[in-house]
Amino acid sequence: MRVGNAAGRCCSFLIWTIACSVTEAQTTAESYHFGTVVGKIEPCSSLTGIRNGSSFNLLEEGNAVECRNVVQLNGSQWCSFVKTTEDCKLDSGFIDYLRGAVCGFPHHLLPLAIALYAIWLFYLFVFLGTTAEVFFCPNLAAIAASLKLSHNVAGVTFLALGNGAPDVFSAIVAFSDPRTANLAIGALFGAGIFVTTVVAGGVTLARPFIVASRPFLRDVIFYMAAVFWTFLVLYFGSIDLGQALGYLALYVIYVLTVIISSIIYKKGKNHARAPVYTSEPEICDTEDSNPSCIRTLVHEDLSEYQPLIANEASKSTPAILLDSLNPIDLQKWRRSRLPWKIFKCLTLPIETLLLICIPVVDTNQEDHNWKRPLNCLQVVTGSVACILTFKSGNYGLLRVNGQFPVWALVLLIALIIAMLIFFTTKNEEPPKYHCVFSLIGFLFSTILINTVATEIVNLLRTFGIIFNLSNTVLGLTLLAWGNSIGDLFSDITLARQGYPRMAIAACFGGIIFNMLFGIGLSSLIEMSYHNNVVQINHDGLLDWILVGSLGLSLVMSFIFIPIQKFKLRKSYGIFLVSYYILFVIVALLTEAGVIHI
């Protein structure tokens, strides 16, 4: 576990202070920010190895010793190289995956370590998806309801953040380190291609339909603008303050366009002589492409699996606590098939942990999911869990006046607040301030999502070093698949249930938020450390293939779908899936050097 006693970004400087002189430490630490080209970094450890005549002098003098050069050494030298090379050290996260793999296992057992890491990566993705879908998004929906936002505004703002939380937080974490910045680019573009081809194609294969023309064209145009903007950023190799704000401004324009077009559509619909009948329910008309429709309908379709609301007044407080801590719906368990039951058993520890730590306000329930003993417990456990995971526990392990740990102070304050809530509320009636729990749940889930995203990025970087793969490839494959697989299943399920228009709208509308906020917000966060300019180093031909493939898929959809009079048939779905398979093959061949310039 890599938990230090420093705070924030100052932690990274302590490593340099121990390894080098004060002057060298400051110079090298600055080189790890976005403002410096990676090729100019000269870590102190690599310089020390060169001075001592070590075999680690793999590159010409004057260049950096990169961590991925470990694969060029004999297996017996891997551990020493990783321990002494500064580029192999991590600035965040709890587990040093690379050192654990090459030093914790004999070299001939490295495949075993990789297999264990693959299983752990699967659990991290499940943790990330469960937190975002079950805890993060419902609380955002409750916040939107408390603010009395309209359906369109909530859908393209709060609920778009809920749907895109894994992508956005993964991008923010990846952008925070120049060594993994390309991971964010690869993930955002890779997820975009996956969703607009595989997911959209799967929706079309599940249920051919006629797409809503104006929302579709609107979303594709805005997404093409975002992709072209990112192409320019990669071409010039930097993002300044104006460009970062431009990303966010473009999304604001998109939101306003959605709202205005919805108002115009509804006014035209009200003045029509005859009512317009569609296969969509009234809550989600054809001009409404926001993700909130999907979550509302899925919730309603799964309502038959929900247990009947029991009379909380007849239950004791311990009984309510025990019932609320059970993450398994017995009715759904009995009706489900064996694969689902096996998966549920594997994810049970994750769901139980999250259930204990994160409160959820559900406006679709009569009591808004008020569970008095559980909510009081969540205030305590969630506060402690967040302070011990925020910034890898750096703040939680600090000591007030050098004696009293911060985590103990947070625990004491949380206990007092929980006791006040418990003794001033009733089991059967939620308090007037119950909406505050949605803010608490939003904060807790944000911290946990960011923590898990950090571990995923560090683990993927470890895979990249061991297999000598670029971060771009890891981003467009593993990270993009992990963050988008939930969209694949939910959108195809929605299409099968008779709502293909909303499923296809989510494919093109939701990823606009991921692209614009994933890059714009990440850049703004990092600019405070880099004089309002963030340097972006690309992976050459692979990046241009990535950008070109996404742009080409959008252009084809923009041209071919109107030519087909907006009728999506199974043949077009097969074409989209085939296009994605071809893209992955070309990307992997480029990474292997088979395709090159």
Side-chain angles (χ1 to χ4, degrees), residues 94 123-146 158-159 161-166 168-170 172-173 295 299 306 320-329 344 346-365 367-393 395-396 407 410-411 413-415 417-418 421-422 425 430-431 433-456 483 486:
F94 285 99
Y123 266 94
L124 289 176
F125 275 125
V126 172
F127 197 112
L128 190 67
T130 303
T131 307
E133 181 177 357
V134 182
F135 297 89
F136 188 75
C137 194
N139 281 316
L140 283 179
I143 293 174
S146 300
F158 283 96
L159 296 182
L161 175 59
N163 286 349
V168 173
F169 281 99
S170 297
I172 292 175
V173 172
R295 297 198 174 273
H299 183 275
Q306 301 298 327
I320 295 175
L321 179 61
L322 291 176
D323 289 344
S324 57
L325 287 176
N326 180 19
I328 298 179
D329 187 335
K344 188 70 174 180
L346 293 175
T347 59
L348 193 61
I350 297 175
E351 294 184 17
T352 303
L353 175 63
L354 293 174
L355 186 62
I356 293 175
C357 295
I358 304 177
V360 176
V361 177
D362 189 353
T363 56
N364 292 317
Q365 296 186 18
D367 60 353
H368 290 189
N369 198 38
W370 166 249
K371 308 294 181 185
R372 175 169 166 250
L374 177 61
N375 290 151
C376 294
L377 176 65
Q378 289 167 336
V379 171
V380 179
T381 56
S383 300
V384 176
C386 289
I387 196 62
L388 290 178
T389 56
F390 183 65
K391 293 294 184 180
S392 304
Y395 292 142
W407 69 264
V410 171
L411 174 61
I413 296 175
L415 283 172
I417 296 176
I421 295 173
F422 184 83
T425 57
Y433 54 83
H434 187 216
C435 59
V436 177
F437 280 86
S438 61
L439 295 174
I440 297 175
F442 166 75
L443 176 62
F444 287 178
S445 55
T446 297
I447 295 175
L448 292 181
I449 287 174
N450 186 74
T451 300
V452 175
T454 301
E455 298 301 319
I456 289 176
N483 289 339

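Side-chain atoms are counted along with the backbone in the values below, which use heavy atoms only and exclude waters and symmetry mates.
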*Are I328 and L348 close enough that some pair of their side-chain heavy atoms sits under 4.5 Å apart?*
yes

*Taking C-beta and beyond as the side chain, do T389 and F94 meet within less than 4.5 Å on heavy atoms?*
yes

*What's the shortest heavy-atom distance between L321 and L377, and which atoms?*
CD1-CD2, 4.3 Å

*Stepwise side chain to side chain contact (heavy atoms under 4.5 Å, CB included) test for I320 and L374*: CA-CA 8 Å; I320 295 175; L374 177 61; over 6 Å; no

*Spatial distance of atom OG1 (T381) from atom CD1 (I358) [nearest 0.5 Å]*: 9.5 Å

*Result of checking V126, L354, V452, T446 against T131 for side chain to side chain contact (heavy atoms under 4.5 Å, CB included)*: L354

*asked:* Are the side chains of L128 and F169 in contact, using a 4.5 Å heavy-atom criterion?
replied: no

*Student check: side-chain heavy atoms of P359 and F444 closer than 4.5 Å*: yes

*Going from NZ on K391 to CD1 on I447, what distance comes out if it is rounded to the nearest 0.5 angstrom?*
11.0 Å

*Heavy-atom closest pair, residues S438 and I143*: OG-CG1, 3.6 Å

*Is a side-chain donor or acceptor of N139 paired with a backbone partner of V361 at a separation under 3.5 angstrom?*
yes

*May I have all residue pairs that pass salt bridge (charged side-chain N to carboxylate O under 4.0 Å, His left out) and include part of residues 350-359, sequence neighbours excluded?*
K344-E351

_Contact summary for T425 and R372, nearest pair of heavy atoms_ = O-NE, 3.2 Å

*asked:* So which atom in F127 and which in I350 form the shortest heavy-atom distance, rounded to 0.1 Å?
replied: CD1-CG2, 3.5 Å

*Student check: side-chain heavy atoms of L325 and T352 closer than 4.5 Å*: no

*Under 3.5 Å, side chain of N369 to main-chain N/O of V360, donor-acceptor pair present?*
yes

*Please round to the nearest 0.5 Å and tell me the distance separating atom CD1 of I356 and atom CD of Q378.*
9.0 Å

_4.5 Å side-chain heavy-atom contact, I456 and S170_ = no

*Measuring from S146:OG to L439:CG, what's the distance to the nearest 0.5 Å?*
7.5 Å

*Rounded to the nearest 0.5 Å, how far apart are CG of L124 and OG1 of T451?*
11.0 Å

*Least distance between heavy atoms, P430 atom then D367 atom*: CG-O, 3.9 Å

_Do Y433 and I421 have side chains that approach each other closer than 4.5 Å (heavy atoms only, starting at C-beta)?_
yes

*Side-chain heavy atoms of N483 within contact of F125, under 4.5 Å*: yes

_Within this structure, what is the SG-CG distance for the pair C386 and L448, rounded to the nearest 0.5 Å?_
4.5 Å

*Partners meeting ring pair (Phe, Tyr, Trp, His ring centres under 6.0 Å) with F442 (sequence neighbours left out)*: F136

*Mind telling me whether F437 and H434 have parallel, tilted or perpendicular rings, with 30° and 60° as the class edges?*
tilted

*What closest approach, in Å, do A418 and C376 show between heavy atoms, and which atom pair accounts for it?*
CB-O, 3.5 Å

